[in-house]
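Structure record follows, encoded as structure tokens.
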Amino acid sequence: MKRLNQFLGFSLEENQYALRLSVVDRTVRVVEVTPLPKGPEIVCGIVNVHGVILPVVNIRKRFGLPERAIHLSDQLIIAHTPSRPVALIVDAVSGVVERREQEQIAAEKIVPGLEYIEGVVKFKDGMILIHDLNKFLSWEEERALNEAMKKI
């Protein structure tokens, strides 16, 4: 029996990305983001999602994409790193994608040392970069975020 991996696909600019479905809690429409004083640069603020205060991570900055203001059509992916839940602002969520494990190419086979990317899944009309949420925040960013969140 072939093992299927499930991913949540999303887009930033014209690029397609995915997270393992196992780290995604849900998606919601974007809401106003409140700035977080002294938070790490990668965190653009906090949001209140059903009574839970979550740091909002600027995934565009992590991937070196151009900055832009939040659009009403943007969505938040509520996911969890090994240490905390986070919200990621994305342009759009494309849905759940299932692929056999053999269809995924590990990042180290493409470019050794590639940060934040677990691998790539090829499609007939393109590919999706699989984002590794476990490596998303550095130790220093985690520490700075912990300090900033304590003051809320």
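Because the structure is predicted, anything quoted here is derived from the model rather than measured. By convention here, the first residue in the shown sequence is residue 1.
In this structure, Arg99 fails the cation-pi test against Phe7, since its NZ or CZ atom is not both closer than 6.0 Å to the six-membered ring centre and inside 45 degrees of the ring normal.
Remark: the backbone N or O of Gln6 is not paired with any side-chain donor or acceptor of Arg20 at under 3.5 angstrom. No donor-acceptor distance shorter than 3.5 angstrom exists from the side chain of Glu147 to the backbone of Ala144, with no hydrogens or angles considered. With hydrogens and angles ignored, the 3.5 Å screen pairs no side-chain donor or acceptor of Asp74 with any backbone N or O of Val30. Side-chain atoms of Ser11 do not come within 3.5 Å of backbone N or O of Gln16 as any donor-acceptor pair. Using a distance-only test at 3.5 Å, with no hydrogens or angles considered, no donor-acceptor pair links the side chain of Glu142 to the main chain of Trp139.
Salt bridge annotation for Glu41-Arg62: absent, with no cationic side-chain nitrogen under 4.0 angstrom from a carboxylate oxygen. Note on Glu118 versus Lys135: no salt bridge recorded, every NZ/NE/NH1/NH2 to OD/OE distance being 4.0 Å or above.
Between the CD atom in Gln104 and the CE atom in Met127 there is a gap of 13.5 Å [rounded to 0.5 Å]. The CG atom of Asp25 sits 12.5 Å away from atom CG of Leu76, with the distance rounded to the nearest 0.5 Å. With rounding to the nearest 0.5 Å, the separation of CG in Leu145 from CD1 in Ile42 is 11.0 Å. Distance check, rounded to the nearest 0.5 Å: OG1 of Thr81 to CG of Asp132 gives 11.0 Å. Note that CG of Leu88 and OH of Tyr17 are 12.5 Å apart. Values are rounded to the nearest 0.5 Å.
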Practice item. Start with the C-alpha distance between Val31 and Arg29, add both sets of side-chain angles, then the distance that settles side chain to side chain contact (heavy atoms under 4.5 Å, CB included), and finish with yes or no. Key: CA-CA 6 Å; Val31 294; Arg29 297 184 91 179; 5.9 Å; no
Exercise for review: Quick one: do Glu67 and Asn58 satisfy side-chain hydrogen bond (donor to acceptor under 3.5 Å, both in side chains)? Show the steps, please.
Suggested key: CA-CA 9 Å; Glu67 293 288 323; Asn58 186 345; 3.0 Å; yes
Review point. Would Glu103 and Glu98 satisfy side chain to side chain contact (heavy atoms under 4.5 Å, CB included), going step by step from the backbone distance to the final call?
Key: CA-CA 10 Å; Glu103 295 177 282; Glu98 290 185 330; over 6 Å; no
Practice item. Please step through side chain to side chain contact (heavy atoms under 4.5 Å, CB included) for the pair Ile130 and Leu19, ending with a clear verdict. Key: CA-CA 6 Å; Ile130 303 166; Leu19 289 170; over 6 Å; no
Exercise for review: Show the numbers, then the answer: is there a salt bridge (charged side-chain N to carboxylate O under 4.0 Å, His left out) between Arg143 and Glu140?
Suggested key: CA-CA 5 Å; Arg143 186 185 55 74; Glu140 287 181 11; 5.7 Å; no
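Counting non-hydrogen atoms of other residues, nucleotides and ligands closer than 6.0 Å to CD of Glu14 gives a total of 12 or fewer. Open room surrounds CD on Glu32; 12 or fewer heavy atoms of other groups in view lie less than 6.0 Å from it.
Connection of Val97 to Leu4 is not established within any shared hydrophobic cluster, with ILVMFWY side chains joined at heavy-atom distances below 4.5 Å, either directly or through further cluster members. Hydrophobic clustering of Ile, Leu, Val, Met, Phe, Trp and Tyr side chains at less than 4.5 Å, counting indirect connections, unites Ile53 with Val86. Cluster annotation: Val111 is connected to Leu129 through the hydrophobic network of ILVMFWY side chains, with a link wherever side-chain heavy atoms come within less than 4.5 Å. Both Phe136 and Leu8 are part of a single hydrophobic cluster, where members link through side-chain heavy atoms under 4.5 Å apart. Under the 4.5 Å side-chain heavy-atom criterion for grouping Ile, Leu, Val, Met, Phe, Trp and Tyr, Val90 is connected to Leu137 within one hydrophobic cluster.
Counting heavy atoms from C-beta outward, Ile77 and Val93 have side chains that approach closer than 4.5 Å. Between Lys38 and Leu36, every side-chain heavy-atom pair lies at or beyond the 4.5 Å cut-off. With a 4.5 Å cut-off on side-chain heavy atoms, Asn5 and Leu21 do not count as touching. Side-chain contact between Leu12 and Phe10: present, with at least one pair of heavy atoms (C-beta onward) separated by less than 4.5 Å. The shortest side-chain heavy-atom distance between Val57 and Ile89 does not fall under the 4.5 Å cut-off. Ile46 has its side chain out of reach of Val56: every pair of non-hydrogen atoms, C-beta onward, lies at least 4.5 Å apart. Taking 4.5 Å as the limit, some side-chain heavy atom of Val120 sits within range of a side-chain heavy atom of Ile110.
Between His131 and Phe63, the ring center distance clears the sub-6.0 Å criterion.
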